[in-house]
Amino acid sequence: MSAMTEQSGGPTLPQRRRLVTDIPGPRSRELMARKRAAVADGVGTVMPVFAARAGGGVVEDVDGNSLIDFGSGIAVTGVGNSAEAVVRRASAQLARFTHTCAMVTPYESYVAVCEELARLTPGDHAKKSILLNSGAEAVENAVKIARYHTGRQAIVVFDHGYHGRTNLTMALTSKSMPYKHGFGPFAPEIYRMPMAYPYRWPTGPENCAEEAAAQVIDQIGKQVGAANTAAIVIEPVLGEGGFIVPARGFLPTLAAFAKENGIVLVADEIQSGFCRTGQWFACEDEGIVPDLITTAKGIAGGLPLAAVTGRTEIMDAAHVGGLGGTYGGNPVACEAALGAIETMRELDLPAKARRIEEIIKPRLLTMAEKHPVIGDVRGRGAMLALELVKPGTKDPDPAATATLAGACHRAGLIVLTTGTYGNVLRFLPPLVIGEDLLNEGLDILQDALSRL
Ligand SMILES: *Cc1c(COP(=O)(O)O)cnc(C)c1O
């Protein structure tokens with residue numbers, strides 16, 4: 001290995017899978033022991049392997065193993081790890097200044113990111129943004145803004161929805177274990193509605209959109225009152241809930257209902273945004289123009305940054321000083337975002353995500369024909385998943401899912417599980433991954449499936 005690749009990750013890292021120890025190797029096991037002693041147990045570990053470097057489609061661990069990355073650090077490093085433009089811009093900013101606080105003496109990159117967000121997000125209306133540090137913080141701020149603008153309190157969310165781990169966003173999140181269990185009491189005025197989940201809709205996928213939308217509208221009317229509803233907060237493709245793609249027609253019906261009733265439609269695109277589903281934002285697929293959109297994960301190539309972007313008249317509702325935060329829109333993170341967005345444009349990452357779907361989806365469908373443990377294959381672009389069930393039923397099989405993920409991990413493939421029932425294997429490769437690595441990862445999955 002050359003001195004160059006020895007020192008750096010990013011684009012220079014050799015793009016290949018290589019296992020030189022068991023997974024985890026001895027050095028990772030030592031570090032795991034230190035982690036167990038020093039880090040709170042509540043912080044889980046998907047794979048007990050410590051990262052040393054990463055770039056393109058691989059993560060190299062501290063034992064010298066090179067793993068294929070189908071996780072992107074949970075849909076974050078779409079542009080790759082240590083992407084050239086991200087490193088160049090963020091490093092230059094580190095040397096200029098690291099922080100002044102955007103609320104004290106602002107800087108150009110904050111404004112430039114907000115200008116990009118106005119250009120890139122759906123709709124050609126006047127838009128403004130606020131920058132924050134995490135996805136949960138973005139969702140919290142979207143709720144604050146929607147409440148202030150409407151003068152209403154109720155927030156409508158959905159079964160299987162995930163919006164974060166702070167107190168308000170735990171309340172917005174559907175799944176109890178592990179996200180909410182033992183952490184209550186939760187914020188009030190949150191109302192949960194059915195999700196148009198085609199695979200599990202009782203009367204079949206063909207009725208799903210219409211019936212689910214009718215139920216949502218009926219329940220809002222009965223339980224909440226449209227006139228009391230500040231916002232409908234929804235993921236256009238669900239992340240932690242299991243990569244559920246709402247049945248076609250569901251989102252447009254909700255968008256029309258929100259518009260008729262003066263309800264702020266908030267698209268939580270924190271996982272689905274920034275080219276992941278083959279479009280810049282997933283809600284574009286059905287032509288949805290949300291009033292507010294929350295973004296984070298893919299926005300800045302791994303540096304912590306999040307945003308709320310939306311209609312100027314809504315974004316401007318709150319009084320001066322009502323929104324903000326010490327670190328929100330940190331200048332290094334803003335430069336990283338500008339570098340990430342530049343990379344997305346230059347490499348046409350929406351097209352890359354569509355190409356990834358062309359490679360992965362047919363192979364998953366072929367696997368599903370052979371293996372009745374696969375109940376559903378779904379997702380869009382580079383946000384794809386398998387839902388695993390007990391063969392011949394739709395009963396979730398989280399044990400098989402964990403076994404399959406474990407086998408992939410030991411073979412050097414980073415994959416993540418997800419889903420309300422813990423029975424979904426999700427695929428979120430970096431959008432810059434090479435096609436040979438993609439196919440090799442799928443070979444590993446296929447092999448693990450046949451040995452299940
Ligand atoms: C990850 C995620 C969040 C929370 O983002 P954090 O940065 O972890 O706070 C919110 N919404 C969705 C859809 C997410 O996937």
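Every number for a ligand or one of its atoms is a count from 1 in the order of the listing. Only this structure's heavy atoms are used, side chains among them; waters, hydrogens and symmetry mates stay out.
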- Do side-chain atoms of S72 reach the backbone of I74 as a donor and acceptor pair under 3.5 angstrom? no

- Hey, is atom 8 (O) of ligand 1 touched by any protein heavy atom at less than 4.0 Å? no

- Query: Is the closest N or O pair between D268 and ligand 1 shorter than 3.5 Å?
  - Reply: yes

- Task: Take L445 and C408 through the test side chain to side chain contact (heavy atoms under 4.5 Å, CB included) and record every step on the way to the result.
- Result: CA-CA 6 Å; L445 174 69; C408 290; 4.0 Å; yes

- Looking only at distances, please establish whether an N/O atom of ligand 1 is found under 3.5 Å from an N/O atom of I270. no

- Query: With a 6.0 Å cut-off on ring centres, are Y107 and F97 close enough?
  - Reply: yes

- Query: Would you find a donor on one side and an acceptor on the other, under 3.5 Å apart, between the side chain of Y110 and the backbone of L131?
  - Reply: yes

- Polar contact flag for K297 and ligand 1 (N/O pairs, less than 3.5 Å): yes

- Message: Give me the residue, atom name and distance of the protein heavy atom closest to atom 4 (C) of ligand 1.
- Response: A136 N, 3.7 Å

- Message: Keeping R380 on the side-chain end and A282 on the backbone end, is there a donor-acceptor pair under 3.5 Å?
- Response: yes

- Just by distance, do the side chain of Q93 and the backbone of V332 share a donor-acceptor pair under 3.5 Å? no

- Item | Within-cut-off N or O pair, Q271 and ligand 1, under 3.5 Å | yes

- Should you measure from each heavy atom of S134, which atoms of ligand 1 turn up under 4.0 Å away? 7 (O), 9 (O)

- Query: Is H409 reaching over with its side chain to a backbone N or O of V415, donor-acceptor style, under 3.5 angstrom?
  - Reply: yes

- Quick one: which ligand 1 atoms are inside 4.0 Å of a heavy atom on E235? 13 (C)

- Query: If you measure from each heavy atom of G239 to ligand 1, is any distance below 4.0 Å?
  - Reply: no

- Item | Contact check: G135 vs ligand 1, nitrogen or oxygen atoms, below 3.5 angstrom | yes

